[in-house]
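Owing to the predicted nature of the structure, the values given are computational and were not obtained by experimental measurement. All values below were derived from every heavy atom in this structure, side-chain atoms included, with hydrogens, water molecules and symmetry-related copies excluded. Order of the sequence lines sets the chain letters (A, B, ...), proteins ahead of strands, with each chain counted from 1.
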Number of protein chains: 2
Amino acid sequence: MGIKERKELEKKEMRKLILDTAMKLFLEKGFENITLRNIAEKIEYSPATIYLYFKDKDEIIYTLHREGFEELYRWQQKILPVKDPLERLYRHAEMYVSFALENPEYYDLMFIKRAPINRIKEMKLKDGMRWDIGMRSFDFLKENIKECMKAGAFRNTDVCVAAFSLWAYVHGIVSLIIRERCDVFGEEQIRCLVKGSLDFMQQNMIVNNIKKEEQ
Amino acid sequence: MGIKERKELEKKEMRKLILDTAMKLFLEKGFENITLRNIAEKIEYSPATIYLYFKDKDEIIYTLHREGFEELYRWQQKILPVKDPLERLYRHAEMYVSFALENPEYYDLMFIKRAPINRIKEMKLKDGMRWDIGMRSFDFLKENIKECMKAGAFRNTDVCVAAFSLWAYVHGIVSLIIRERCDVFGEEQIRCLVKGSLDFMQQNMIVNNIKKEEQ
DNA sequence: ACAGATACTAAACACCGTTCATTAACTAAA
DNA sequence: TTTAGTTAATGAACGGTGTTTAGTATCTGT
């Protein structure tokens, strides 16, 4: 039965077409300004057609939200070649900031927007405590920190607390920028603040911990 | 002309009634779920009436946004009695987290939501680089940091960078919580993470800087 | 008592996400 | 090949949103 398979393939392609178009429009004009009717118009289908492929708008958003996490995980793999765990942790932070600022709409979706959370809650209630895709990236960070601990950093600190602290720190930086709370500073100074903050973090949170032990 | 004054007073009272009702509803049911019609119904006026007192919904949001900053500034004054600048800086962070978690809707409005920013941009274009109300609180933090520097902390660090770093750090913590990115951890562990992160900050960003100089 | 300003609103407008009855196109069996 | 049944797509509607406007009362000063 080659027909069944072809149909399924077409269905998948249509889903992908909708998702890609949606994301393209989001990137172009910003999230808040895009409606289902915009997406439908762009792919030259009726708005009702979209409902044959997605339950509602939230499901589109949630799917893109998952794609964002896949992409972030791919970015995280790029720092693996860095062997020194302390250096890698710094690169980790740097990479996170770059990911966020180069893919602000994805980042917004993944860590700021309310929309995808509703769907996640729904799924947890239905499927009973599903695995959260973001946890994989958080564990990746924790592993990095554990290795730093073996190298002598973060003594007397809980792994989870250290990971959360660093995450919150870089999230704070990028989310203030993405949500335009730094615009008073101007573009050039923002760049300095980001670079300065990362170095500040490296000196005080990462390297200092070791120096203290060595003295 | 006592009547003119009475009329103006009534106008102000109506504005306040609308704002208070709006905020009350926001706090009760969450921001996204409140419409102008809800507010109008609650104060028993027609939706159109609101437009006699506010240009549009954004102006209501923007006004509440300003009220939030007034409140934050009031909270900031509460730490002034703490004389040791390092201790005060820690209390500063603690206070900020408390403010955010006890007034999540205000905090969301002030530092996360996109809505009020549009109006701010408009005003900047029209009035030409207006004073940003949030800057006052940021300067307050910078003053605190300057005093810490006099006490020997934050050597070789730009005041602005240090202030931005600490701000981003606490903002990261609370915004991840407010936007429900920590729910996997559970309520009790979140409390531990917050407390742990603040202590982590104190040890590594504030106190460590001094110890290094003393050795 | 009357003219003019003021406060208010019903009704409409243009959108939004979503649903549903209906139509058109394709598939499988007679 | 015809026919019955499934599938894909849509036009039109529904109830909701923020917002505008034309019109109606009420109050003010002469």
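One finds no salt bridge joining B:E13 and B:K16 here, because no Lys/Arg side-chain nitrogen approaches an Asp/Glu carboxylate oxygen to under 4.0 Å. A salt bridge links B:K113 with B:E32: the distance from a Lys NZ or Arg NE/NH1/NH2 to an Asp or Glu carboxylate oxygen falls below 4.0 Å.
For B:L52 and C:dT9, the CG to C1' distance is 9 Å, given to the nearest whole Å. One can place OH of A:Y45 at 9 Å from C1' of D:dA9, the figure rounded to the nearest angstrom. Whole-Å rounding puts the B:E44 CD to C:dC8 C1' distance at 14 Å. Note: CD (A:E8) to C1' (D:dA8) measures 16 Å, nearest angstrom. Distance A:E41 CD to D:dT10 P: 13 Å, rounded to the nearest Å. What separates CD of B:E32 from P of C:dG17 is a distance of 15 Å, to the nearest Å. C:dT6 atom C1' lies 11 Å from atom CD of B:E10, rounded to whole Å.
Of the possible donor and acceptor atoms, none in the side chain of B:Y96 sits under 3.5 Å from a partner among the backbone N and O of B:V174. One N or O on the side chain of B:N103 and one on the backbone of B:F99 form a donor-acceptor pair closer than 3.5 Å. Side chain of B:Q77 to main chain of B:Y73: a donor-acceptor pair is present (N/O by atom type, distance under 3.5 Å, no hydrogens or angles).
Within 4.0 Å (heavy atoms only), A:Y53 reaches sugar-phosphate atoms of the nucleic acid but no base atom.
With sequence neighbours excluded, no residue satisfies salt bridge (Lys or Arg N to Asp or Glu O under 4.0 Å) with A:E94. For B:E143, the side chain to side chain donor-acceptor pair (under 3.5 Å) test picks out B:K146, with sequence neighbours left out. For A:R37, there are no salt bridge (Lys or Arg N to Asp or Glu O under 4.0 Å) partners two or more places apart in sequence or in a different chain.
Helix-axis bend for the helix from C:dG4-D:dC27 to C:dA30-D:dT1: the local axis fitted to the five terminal pairs at one end deviates from that at the other end by 30°, rounded to 10°.
Two rings, from B:Y106 and B:F111, have their centers 6.0 Å or more apart. Checked against the 6.0 Å centroid threshold, A:Y45 and A:Y53 do not count as a close aromatic pair.
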Produce a footprint string for nucleotides 18-25 of chain D: one letter per nucleotide, 5' end first; B if the base is under 4.0 Å from any protein heavy atom, S if only the sugar-phosphate is, - if neither.
BBBB----
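Contact annotation: B:T49 does not reach the phosphate of C:dC8 (side-chain N/O to OP1 or OP2, under 4.0 Å).
Results of the side chain to side chain donor-acceptor pair (under 3.5 Å) test with B:E147 over B:R88, B:K142, B:K83 single out B:R88 as the only residue that passes.
Across the interface with DNA chain C, nearest-nucleotide mapping of A:N33 and B:K11 shows B:K11 to be the residue nearer the 5′ end.
Taken residue by residue, residues 112-122 of chain A places no heavy atom nearer than 4.0 Å to DNA chain C.
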